[in-house]
Amino acid sequence: MKFFVDTAMIDEIRELESTGLLDGVTTNPSLIKQSGRPFEEVLKEICKATKGPVSAEVVAVDHQTMLLEARQLATIAPNIAIKVPMTVDGLKTCKVLRDEGVMVNVTLCFSATQALLAAKVGASFISPFVGRLDDVSQDGMALIADIRLIYDNYGFETEILVASVRHPAHVLEAARIGADIATVPAAVLRKLFLHPLTDKGLKAFLRDWKASGNRILS
Ligand code: G3P
């Protein structure tokens, strides 16, 4: 399973990249706003900081303007993946970009039939928003399971990129279902390292080692 980080904060990306666990980055207009920086400058830095795909989102809603924006964004770096919304115009744009060899992430997916359409136009990634479905009392993870089943039925190569991840249990369930990728806020990624028994066990080992008087390094 691949881990992307869902942020436009360059320090968080560099910190996670240094762990060797990061496979890519996703941004969106809200995350760019949170960074408080000009989008092009931020995206250039992010694309240098990671080798994996970096999602950058168009903001036009009509196909022709989306295409112009996408082609402009794609010049930033070879690892840019263009994020288009799950709309008719978004999917038309996806098809053209895929034919041109550009990676595309179809975002704002909330149903399995939307995911089916995105796969049919060759999306590289589909982003179902599990947290936002949970927020309205729908089962976000049931959607991931449905998409996995449908994609496997037909051998679609579109990668399931679980988005709107709010806690480690979302990551665990996504892995159980066999989602390809989870894009996770940095704070949630950090939580995946933690277990109180790890801390307790390490403390005891260090105490006993000190008491034994041994040293590894002379
Ligand atoms: O990048 C899209 C997505 O991950 C948004 O998450 O928490 O705003 O629903 P959230």
Side-chain angles (χ1 to χ4, degrees), residues 1-13 16-17 21-37 39 42-43 45-47 49-50 52-61 66 69-70 73 76 79-87 90-91 93-94 97 103-112 114-115 118 123-145 147-148 158-175 177 179-192:
M1 185 186 198
K2 289 183 254 186
F3 285 145
F4 288 5
V5 64
D6 198 27
T7 184
M9 306 297 274
I10 189 70
D11 291 347
E12 288 185 329
I13 294 164
L16 288 163
E17 181 65 33
L21 288 166
L22 200 61
D23 300 295
V25 176
T26 49
T27 70
N28 62 38
S30 307
L31 294 171
I32 295 285
K33 177 176 171 269
Q34 271 171 33
S35 79
R37 300 181 53 204
F39 82 93
V42 179
L43 286 168
E45 279 182 28
I46 297 174
C47 288
T50 180
V54 175
S55 289
E57 189 158 342
V58 297
V59 290
V61 290
M66 269 187 203
E69 288 182 352
L73 289 171
I76 292 175
N79 54 336
I80 284 279
I82 303 298
K83 241 185 183 182
V84 298
M86 182 42 249
T87 59
L91 293 194
T93 307
C94 175
L97 292 171
M103 283 186 287
V104 180
N105 176 357
V106 175
T107 190
L108 290 166
C109 169
F110 294 95
S111 79
Q114 288 180 325
S124 319
F125 310 102
I126 183 69
S127 291
F129 279 30
V130 293
R132 292 191 195 184
L133 279 170
D134 292 353
D135 288 345
V136 295
S137 305
Q138 291 186 27
D139 187 348
M141 281 301 158
L143 173 60
I144 303 304
I147 301 173
R148 181 73 283 156
T158 300
E159 292 188 82
I160 304 172
L161 197 174
V162 180
S164 189
V165 166
R166 302 280 170 76
H167 45 68
H170 275 150
V171 179
L172 176 62
E173 198 52 31
I177 293 167
D180 302 283
I181 310 161
T183 188
V184 185
V188 178
L189 263 177
R190 283 190 210 104
K191 284 186 191 166
L192 299 179

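Residue numbers count from 1 along this sequence. Indexing begins at 1, ligand by ligand and atom by atom, following the structure's order. Values in this document were obtained by computation on a predicted structure and should not be read as measured data.
- No donor-acceptor contact under 3.5 angstrom links the side chains of Ser127 and Thr107, judged on distance only.
- A heavy-atom separation below 4.0 Å is not found between Thr26 and ligand 1.
- Considering all non-hydrogen atoms of both residues, Leu143 and Cys109 come closest at CD2-O, 4.2 Å.
- Given atom 5 (C) of ligand 1, the protein heavy atom at minimum distance is Arg132 NH2, 3.6 Å.
- Atoms of ligand 1 lying under 4.0 Å from at least one heavy atom of Phe129, given by number and element, are 2 (C), 3 (C), 5 (C).
- Distances between N or O atoms of Asp6 and those of ligand 1 include at least one value under 3.5 Å.
- Considering backbone and side-chain N/O of Ser164, one or more are found under 3.5 Å from N/O of ligand 1.
- Considering only residues two or more places apart in sequence or on other chains, Gln34 meets the side-chain contact (heavy atoms from CB on, under 4.5 Å) condition with Leu31.
- Side chain of Gln114 to main chain of Ser111: a donor-acceptor pair is present (N/O by atom type, distance under 3.5 Å, no hydrogens or angles).
- The nearest protein atom to atom 7 (O) of ligand 1, hydrogens excluded, is given as Arg166 NE, 3.1 Å; this is a heavy-atom distance.
- Contact record, Met1 with Ala182: CE-CB, 3.6 Å, taken as the closest heavy-atom pair.
- The shortest heavy-atom distance from Lys83 to ligand 1 is under 4.0 Å.
- Interface atoms of ligand 1 facing Asn28, defined by a heavy-atom separation under 4.0 Å, are 1 (O), 2 (C).
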